[in-house]
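Counting begins at 1 with the first residue of the sequence.
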Amino acid sequence: MKPDRPIAAQIVDLIQTDAIDVGTHLPAQMLADKLGVSRSPVNEALALLHEKGVLERRLHRGYFVARVATSTETPGTSLAAELGLADTDPVTRVYFQIADARLRGELPDAFSEQMIRTRYGLTATQLNAVLSRMSQEGWAERKPGYGWQFSTMLTTPDSLLQSYRLRLAVEPAALLEPGYRLAPEVLERLRAAERRLLEGHVEQESIDALHERGVRFHESLVEASGNPFFIDTIRRVNRVRRLLSYRSMRNRERYPEHAKQHLAILDLLARERNEAASEMMREHLRHTLDAIGKIAPILTS
């Protein structure tokens, strides 16, 4: 499992995969929601990207894209790597070490802060940051009184399949909500991200960038329903399924077909053929369920 990237690198990935134009405003809360983190690390990352020249800061208005997110050096090199943003920080590295150990069954259901700190050589600040992220993403929580415990959700291949069955119930229904509206600018950003994959970028993208692209596609379509219950459900399930999703992405052969299916759904929504789009979404999720079932050994290795 490839380690997650620092927040600044993830923001650069987002600008690139969504083909966000120069001059576009990047609200901190929007980025925090998409990346599943609090606003504090996002604000720090925005300030860093301002120093690097990727963003410009406008007084009382926030941060705006200042340059196209493509490398000016070696072809195929990401802008994040070129700017020195792609190195994994200690907190992120340990976060994924804990996740991998949990998926392998090497950590108990309940654990103490001291056990994690000693096992992974963390400072008190790093320990708090790791535990906070685990809690925010829904796979660990503080026990009443003392200690922590891991969630029983999404620690086996069956868990990931169950999350897709929940999405199968929610996402097609969201497309049929009264007053459904997918904004034209959102539609075009989603199309650009899928076209990029079909242009041969599947192998070049990092695992986390591929994951975020899929999350943005599905969450954007559900958000267009305007139904807060659907929106909250899809955001929650996307947060807690992240760990097994990363492992499932070791097999990338299915992504070009996924991109074609995503584009077909977007074309139907653009023509306001929501019933047909809903049925195609149902088939798309069923196709993914079948694909994940075939690669179950990867998820348990």
Side-chain angles (χ1 to χ4, degrees), residues 1-14 26-52 55 62-63 80 83-155 159 206-209 211-212 215 232 235-247:
M1 176 162 49
K2 184 173 179 177
D4 199 2
R5 293 148 70 82
I7 300 299
Q10 292 187 53
I11 293 173
V12 172
D13 287 342
L14 187 151
L26 294 180
Q29 189 60 57
M30 178 272 288
L31 293 171
D33 290 342
K34 286 184 177 294
L35 301 179
V37 298
S38 66
R39 287 185 59 172
S40 179
V42 168
N43 285 326
E44 293 175 3
L46 291 173
L48 175 60
L49 293 175
H50 171 57
E51 294 176 5
K52 297 284 188 179
L55 305 178
Y63 292 92
L83 294 173
L85 301 172
D87 293 336
T88 304
D89 62 272
V91 169
T92 298
R93 183 177 63 253
V94 170
Y95 167 87
F96 273 91
Q97 289 175 348
I98 295 172
D100 202 49
R102 175 60 178 166
L103 291 173
R104 291 175 182 271
E106 297 172 359
L107 292 174
D109 292 340
F111 61 93
S112 68
E113 294 184 4
Q114 188 58 48
M115 185 269 279
I116 294 295
R117 182 175 180 179
T118 301
R119 177 172 176 144
Y120 296 99
L122 298 172
T123 66
T125 299
Q126 290 169 340
L127 174 67
N128 288 335
V130 169
L131 293 175
S132 175
R133 179 168 178 183
M134 290 161 56
S135 177
Q136 287 178 2
E137 295 195 355
W139 55 279
E141 61 184 2
R142 189 184 295 276
K143 293 170 60 179
Y146 175 79
W148 288 72
Q149 62 187 12
F150 288 111
S151 168
T152 57
M153 294 189 300
L154 299 181
T155 56
S159 302
S206 64
I207 291 176
D208 49 319
H211 176 78
E212 292 302 332
V215 166
D232 182 66
R235 286 177 178 171
R236 285 174 181 269
V237 75
N238 278 335
R239 281 201 301 270
V240 299
R241 75 183 178 91
R242 178 184 297 266
L243 300 180
L244 282 171
S245 290
Y246 276 137
R247 272 200 179 177

query = Can you find a pair of side-chain heavy atoms, one from Ser112 and one from Tyr146, that are under 4.5 Å apart?
reply = yes
key: Arg102 side, atom CZ; Leu107 side, atom CG - distance, nearest 0.5 Å   = 7.5 Å
inquiry  = Which residues pass the side-chain hydrogen bond (donor to acceptor under 3.5 Å, both in side chains) test with Asp232, not counting sequence neighbours?
reply    = Arg236
request  = In sequence, state the C-alpha distance, the side-chain angles, and the governing distance for Leu14 and Gln10, and then conclude on side chain to side chain contact (heavy atoms under 4.5 Å, CB included).
outcome  = CA-CA 6 Å; Leu14 187 151; Gln10 292 187 53; over 6 Å; no
message = Rounded to the nearest 0.5 Å, what separates atom CD1 in Ile98 from atom CG in Leu122?
response = 6.5 Å
inquiry  = Run the side-chain hydrogen bond (donor to acceptor under 3.5 Å, both in side chains) test against Glu106 and tell me which residues pass, sequence neighbours left out.
reply    = none
request  = Kindly write out the residues that satisfy side-chain hydrogen bond (donor to acceptor under 3.5 Å, both in side chains) with Arg142, not counting sequence neighbours, or none if the list is empty.
outcome  = Glu113
key: side-chain contact (heavy atoms from CB on, under 4.5 Å) against Gln149, all qualifying residues, sequence neighbours excluded   = Glu141, Lys143
note = What one should report as the nearest heavy-atom pair of Ala28 and Asn43 is CB-OD1, 3.3 Å
message = Run the side-chain hydrogen bond (donor to acceptor under 3.5 Å, both in side chains) test against Ser135 and tell me which residues pass, sequence neighbours left out.
response = none
key: Point-to-point distance, once rounded to the nearest 0.5 Å, from CD of Gln114 to OG1 of Thr118   = 4.0 Å
task = Quick one: closest heavy-atom pair of Gln126 and Gly121, and the distance?
result = OE1-O, 4.2 Å
Nearest-0.5 Å distance that lies between atom CG in Leu46 and atom CD1 in Ile11 = 4.5 Å
ask   = What is the distance from atom CG of Leu131 to atom CZ of Phe111, rounded to the nearest 0.5 Å?
value = 6.0 Å
task = Nearest 0.5 Å please: distance from the CG atom of Asp109 over to the CH2 atom of Trp148.
result = 15.5 Å
Partners passing side-chain contact (heavy atoms from CB on, under 4.5 Å) against Ser132 (at least two apart in sequence or in another chain) = Gln136
ask   = How far apart are the C-alpha atoms of Leu127 and Thr123, what are their side-chain angles, what is the distance that settles it, and do they pass the side chain to side chain contact (heavy atoms under 4.5 Å, CB included) test?
value = CA-CA 6 Å; Leu127 174 67; Thr123 66; over 6 Å; no
message = Please determine whether side chain to side chain contact (heavy atoms under 4.5 Å, CB included) holds for the pair Ile116 and Arg119, giving the CA-CA distance in whole Å, both sets of side-chain angles, and the decisive distance to 0.1 Å.
response = CA-CA 5 Å; Ile116 294 295; Arg119 177 172 176 144; 5.7 Å; no
key: Residue pair Tyr120 / Ala101: nearest heavy atoms and the distance that separates them   = OH-CB, 3.7 Å
message = Could you walk me through whether Leu48 and Ile7 satisfy the side chain to side chain contact (heavy atoms under 4.5 Å, CB included) test, starting with their C-alpha distance in whole Å, then the side-chain angles of each, then the deciding distance to 0.1 Å, before giving a yes or no?
response = CA-CA 10 Å; Leu48 175 60; Ile7 300 299; over 6 Å; no
ask   = For the residue pair Phe150 and Pro108, what are the closest heavy atoms and their distance?
value = CD1-O, 3.1 Å
